[in-house]
Every structure is written in C-alpha cells, then in structure tokens.
Colleague: 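Once you've had a glance at the structure underneath, I'll fire off some questions.
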Amino acid sequence: MVNQQTTDDRSRNLSTDDLAALRANLHEQRQFRQEQLQQLSATATTRADASPDRGDTSRTEVCVSLAASAVMVLSDVEAALTRMDQDTYGTCQLCRGTVALERLMIVPQARYCARCQQVREADR
C-alpha cells in the first residue's frame, strides 16, 4: 500500500511532459559530461607527450579534479535515468517521500527531497 501511494504521489506531481523534459535534460547532461571526459582525457594525453614544465603539475591536478567531478555527476545522471526506467524517479531514497518538481527541475539527478538532502549535508 505504501509503495502504491508513493507512486500515486509521484504521478500526480510529475506529468508525462515533466518526465519527458527531465529525461531530455538528463540526456543532455550525460552527453556534456561524456564529452567533457573525452576532452580531459585528450588534454591529459597531449600533456603527457609534451615536455614537463612547472605548470604541468598544477594543470594535471586541475584536470584530475575536473574529471573526478565529471565522473561523479555522470554517475548521478545515469542513476537518475535508471530510476526513471524503474519508475522510482522522483521518490526520495531516504524518506520515500516525493521529491518536489521544482527541485527536480533545478537538479534533475536529485536522489533526495530537500529536507533529506539538508540532513545529509548537515551530517557531513
């Protein structure tokens, strides 16, 4: 009964058009992150072939940091697309409540409702 209510709540809040727009946004984000990782990889390969200088170490650190961030976001985007396919998208993974449409429009890969996200960040 609880799962049905959660699904009904989510269905009420996310129309077919909302889901289509969110899915398109997630696909765009996935494409962007994949291209970003390809560019960072190409940059790293080019720098590895060049002779080292003083700035190479810091540039390499920046590239590694950017790549790690891109991988994390890409993973979150892929997880959100999987949740869409499994009809669990828009449900908070902690409290099982509804993630507000407004939040999903800003952060379409959001796993948690705003309240649970605040709790998670406060625990860090």
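Only this structure's heavy atoms are used, side chains among them; waters, hydrogens and symmetry mates stay out.
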Colleague: With side-chain hydrogen bond (donor to acceptor under 3.5 Å, both in side chains) as the test, would you mind laying out the steps for Gln117 and Glu121 before giving the verdict?
Modeller: CA-CA 6 Å; Gln117 183 67 43; Glu121 289 175 4; 3.0 Å; yes
Colleague: Strictly distance-based, threshold 3.5 Å: is any side-chain N or O of Thr43 a donor or acceptor partner for the main-chain N or O of Gln39?
Modeller: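 Looks like yes, one N/O pair under 3.5 Å.
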Colleague: Can you check side-chain hydrogen bond (donor to acceptor under 3.5 Å, both in side chains) on Gln31 and Glu35, steps first, answer last?
Modeller: CA-CA 6 Å; Gln31 181 71 30; Glu35 290 171 1; 2.7 Å; yes
Colleague: Would you say Val77 ends up clustered with Val99 if hydrophobic residues are merged whenever their side chains have heavy atoms under 4.5 Å apart, either directly or through other cluster members?
Modeller: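 Val99 and Val77: one cluster.
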Colleague: What pair of heavy atoms forms the shortest contact from Ala70 to Leu37, and how long is it?
Modeller: CB-CD2, 3.8 Å
Colleague: For Arg83 versus Gln109, what's the shortest heavy-atom pair and its separation?
Modeller: NH2-O, 3.2 Å
Colleague: With a 4.5 Å cut-off on side-chain heavy atoms, are Leu22 and Leu101 touching?
Modeller: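 In short, these two side chains touch, coming nearer than 4.5 Å.
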Colleague: Does a donor on one side chain sit under 3.5 Å from an acceptor on the other, for Thr82 and Asp85?
Modeller: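 Not at all, the side chains of Thr82 and Asp85 share no donor-acceptor pair under 3.5 Å.
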Colleague: Please say yes or no: joined through hydrophobic side-chain contacts below 4.5 Å, possibly via intermediate residues, are Leu26 and Met105 part of one cluster?
Modeller: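 Yes, because Leu26 and Met105 connect within a single hydrophobic cluster, where side-chain heavy atoms sit under 4.5 Å apart.
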Colleague: Less than 4.5 Å apart, side chain to side chain, heavy atoms only: is that true for Val119 and Leu94?
Modeller: no
Colleague: If every non-hydrogen atom of Ser75 is compared with every non-hydrogen atom of Arg111, which pair is closest and at what distance?
Modeller: O-NH2, 4.4 Å
Colleague: Please examine the side chains of Leu81 and His27, heavy atoms only from C-beta on, and report whether any two atoms are closer than 4.5 Å.
Modeller: yes
Colleague: Could you check if a side-chain atom of Asp18 sits within less than 4.5 angstrom of a side-chain atom of Leu104, using non-hydrogen atoms only?
Modeller: no
Colleague: Looking at Pro108, is its backbone amide N or carbonyl O close enough to the side chain of Tyr89 to form a donor-acceptor pair, meaning the two atoms are under 3.5 Å apart?
Modeller: yes
Colleague: Please name the residue in the list Arg33, Arg30, Gln36 that meets the side-chain contact (heavy atoms from CB on, under 4.5 Å) test with Val73.
Modeller: Arg33
Colleague: How close do Arg115 and Cys95 get, heavy atom to heavy atom, and via which atoms?
Modeller: NH2-CB, 3.9 Å
Colleague: Measure across Leu14 and Gly90 and return the closest heavy-atom pair with its distance rounded to 0.1 Å.
Modeller: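 The answer is CD1-CA, 4.2 Å.
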